[in-house]
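Notes follow the structure.
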Amino acid sequence: MSKYFTTKKITYMAVFTALVALATAFLSIPNGIGYTNLGETFIFVAGSFFDPFFAFIVSGLGSAIADMSLGYFIYAIPTFIIKGLEGFLVSILVKTLLKKCNELISILLSFLLGALIMVFGYFITNTLLYSFYEATIAITNDLIQGGINLVLGITLTIVLAKIGLFNKVSNSKLLEKCNEKHTNNK
């Protein structure tokens with residue numbers, strides 16, 4: 001495990017945790033039960049370029065920090081679990097689907113399933129905290145959040161993969177595929 005936690009890896013974890021927390025807390029709009037935010041965009045990016053453990057930690061921790069900073073303490077633990085699983089799942093799916101599909105389809109399906117984990121996780125949480133009725137109403141906000149972040153996440157992930165920003169720190173199959181395509185086009 002000590003080889004995993006290099007200075008560079010810890011630095012990237014801190015940066016991505018901060019990006020998730022800031023995008024969640026400050027790029028957000030309050031809605032009935034919680035708030036709609038852009039934090040998912042960076043959860044998707046982390047899941048695309050880094051391993052599942054990395055994605056789980058930065059996604060869960062960054063999102064939980066945002067909840068606490070906005071006063072939603074009751075959501076901090078469920079958010080850590082839901083968003084952590086979302087990042088973890090996206091990371092596994094992107095790497096698995098890239099073996100079978102092109103980049104865009106792999107990213108789209110991975111992000112879509114990740115967003116559905118978020119919607120389902122908050123539906124269960126809101127049902128337990130409030131009621132089935134309020135949880136059902138909140139689904140609309142979660143679906144909108146998932147959809148907006150899906151589009152932004154795909155765009156940002158493709159741009160970052162094309163410019164090779166994480167080439168030296170990531171073992172991403174996405175980067176390999178994009179670099180391979182770029183080399184073949186020359």
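Hydrogens, waters and symmetry mates are skipped; everything else that's a heavy atom, side chains included, is used. Bear in mind the structure is a predicted one, so any value in this text is a computation, not a measurement.
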Applying the 4.5 Å side-chain criterion to the ILVMFWY set and letting contacts propagate, would L156 and I148 be lumped into a single cluster?
no
Are Y35 and I137 co-members of a hydrophobic cluster defined by side-chain heavy atoms under 4.5 Å apart?
no
Here the gap from L98 atom CG to S110 atom OG, rounded to the nearest 0.5 Å, amounts to 7.5 Å
Heavy-atom pair with the smallest gap, counting every atom of I65 and A21:
CG2-CB, 4.2 Å
Are L108 and V151 in one and the same hydrophobic cluster, where Ile, Leu, Val, Met, Phe, Trp and Tyr link if side-chain heavy atoms are under 4.5 Å apart?
no
Looking at S28 and A25, would you say the former's side chain and the latter's main chain have a donor-acceptor pair under 3.5 Å?
yes
Counting only heavy atoms not in I74, do more than 12 sit closer than 6.0 Å to its CD1 atom?
no
Out of curiosity, S106 OG to I154 CD1, how far, rounded to the nearest 0.5 Å?
11.0 Å
Pair Y122, N141: side-chain N/O donor-acceptor within cut-off below 3.5 Å
no
Determine, using the 4.5 Å side-chain heavy-atom cutoff (strictly less than), whether I77 and F73 are members of one ILVMFWY cluster.
no
Could you state the interatomic distance from CG (L150) to CG (L143), rounded to the nearest 0.5 Å?
11.5 Å
To check you understand the geometry: which heavy-atom pair defines the closest contact between K95 and G47, and what is its length?
NZ-O, 3.0 Å
So Y75 and N126, do their side chains get closer than 4.5 Å, heavy atoms only?
yes
Report the relative orientation of the aromatic rings in F56 and F80; use parallel for angles under 30°, tilted for 30 to 60°, perpendicular for over 60°.
perpendicular
Shortest non-hydrogen contact between G114 and V90, atoms and distance:
CA-CG2, 3.9 Å
Closest approach of T24 and L70, non-hydrogen atoms and distance?
O-CD1, 4.4 Å
In Å, rounded to the nearest 0.5 Å, how long is the span from CD1 of I117 to CG of L85?
7.0 Å
If every non-hydrogen atom of Q145 is compared with every non-hydrogen atom of N37, which pair is closest and at what distance?
OE1-N, 3.1 Å
Residues, nucleotides or ligands: over 12 heavy atoms within 6.0 Å of F26 CZ:
no
Show the numbers, then the answer: is there a side-chain contact (heavy atoms from CB on, under 4.5 Å) between V45 and F16?
CA-CA 9 Å; V45 171; F16 268 92; 3.8 Å; yes
Name of the residue among T157, T155, N149 meeting side-chain hydrogen bond (donor to acceptor under 3.5 Å, both in side chains) with T41
N149
Quick one: do D142 and M118 satisfy side-chain contact (heavy atoms from CB on, under 4.5 Å)? Show the steps, please.
CA-CA 8 Å; D142 291 337; M118 180 268 296; 4.0 Å; yes
According to a hydrophobic-cluster definition based on side-chain heavy atoms being under 4.5 Å apart (Ile, Leu, Val, Met, Phe, Trp, Tyr only), do I43 and L61 belong together?
yes
Test side-chain contact (heavy atoms from CB on, under 4.5 Å) on D51 and K9; report intermediate values, then the result.
CA-CA 11 Å; D51 63 85; K9 183 76 96 168; 3.1 Å; yes
How are the rings of F50 and F54 set relative to one another: parallel (under 30°), tilted (30 to 60°) or perpendicular (over 60°)?
parallel
Atom pair CD1 (I139) and CD1 (I144), whose distance is rounded to the nearest 0.5 Å
12.0 Å
Check each of I92, L109, L113 against L97 using the side-chain contact (heavy atoms from CB on, under 4.5 Å) test, and report the only one that passes.
L109
Return yes if some donor-acceptor pair links the side-chain N/O of T127 with the main-chain N/O of F123 below 3.5 Å, else return no.
yes
Does the side chain of E40 come within less than 4.5 Å of F111's, by heavy atoms?
no
Determine the minimum heavy-atom distance between S59 and K83, stating which atoms define it.
CB-O, 3.1 Å
What is the distance from atom CD1 of I158 to atom CD1 of I107, rounded to the nearest 0.5 Å?
4.5 Å
With a sphere of 6.0 Å drawn around CD1 of I124, does it hold more than 12 non-hydrogen atoms of other residues, nucleotides or ligands?
yes
